[in-house]
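Remarks on the structure that follows.
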Amino acid sequence: MKVQRKHVLAAGVAVVATAVVAVGTGFGFADTTSARPSLCSGSVTFSAEGGAPAVTSDRFPVGTRLRVTNLDNGKVATLSVSGPSGSCVLLNAAAMELLREPGKNVIRRNLVELVR
């Protein structure tokens, strides 16, 4: 059986496509998501409230300490709940500066944990 050049080329393209899919899906690489579940689902946003880094929350009482991690850049801050809000976690301006990436006002991939 004679192998034609176009068949060899097609087989090579298939191998490269498979490798790209494997890399794109994280196959063989460390996962960047946390194995621990976040206490809050969805994005973390911030208010223009000033003061020391803190959060407000509709789920946790005042004084509760929370560890908030930005999974996109690895920045972590341990913050105290300073009052109520309309969301699970709402960062004040100082807390957002500790965690955000330049130019972004939302932390979409995050982990919120209770500090004991």
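Here, residue 1 is the first one in the sequence, and each next residue gets the next number.
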Original post:
How long is the span from the NZ atom in K75 to the OG1 atom in T69, to the nearest 0.5 Å?
Top reply: 13.0 Å
Original post:
With a cut-off of 6.0 Å (strictly less than), are more than 12 heavy atoms of other residues, nucleotides or ligands near NZ of K104?
Top reply: no
Subject >> Side-chain touch R67/V76, heavy atoms, less than 4.5 angstrom >> reply: yes
Subject >> Pairs involving residues 56-116, ordered by first then second residue, that meet disulfide (SG to SG under 2.5 Å) (sequence neighbours left out) >> reply: C40-C88
Original post:
Would you say the side chain of D72 lies within less than 4.5 Å of the side chain of E101, judging by non-hydrogen atoms?
Top reply: yes
Subject >> Backbone of V55 reached by a side-chain donor or acceptor of S82 within 3.5 Å >> reply: yes
Original post:
What heavy-atom pair brings S85 and D58 nearest, and what distance separates the two atoms?
Top reply: O-CB, 3.2 Å
**OP:** Please name the pair of heavy atoms, one in A54 and one in A95, separated by the smallest distance, quoted to 0.1 Å.
**Re:** O-CB, 3.6 Å
Original post:
Can you tell me how far the CZ atom of R100 sits from the CG atom of N105, to the nearest 0.5 Å?
Top reply: 5.0 Å
Original post:
Between L39 and F60, is any pair of side-chain heavy atoms under 4.5 Å apart?
Top reply: yes
Original post:
Under 4.5 Å between any side-chain heavy atoms of T64 and L114, yes or no?
Top reply: yes
**OP:** Side-chain contact test, heavy atoms from C-beta onward, threshold under 4.5 Å: evaluate it for L91 versus I107 and give yes or no.
**Re:** yes
**OP:** Any chance you could measure L111, atom CG, to N70, atom CG, to the nearest 0.5 Å?
**Re:** 10.5 Å
Original post:
So, the side chain of N73 versus the backbone of L99: is there a donor-acceptor pair under 3.5 Å, distance only?
Top reply: yes
Subject >> R65 side chain to V115 backbone, donor-acceptor under 3.5 Å >> reply: no
Subject >> Check: L90 and T45 side chains under 4.5 Å, non-hydrogen atoms >> reply: yes
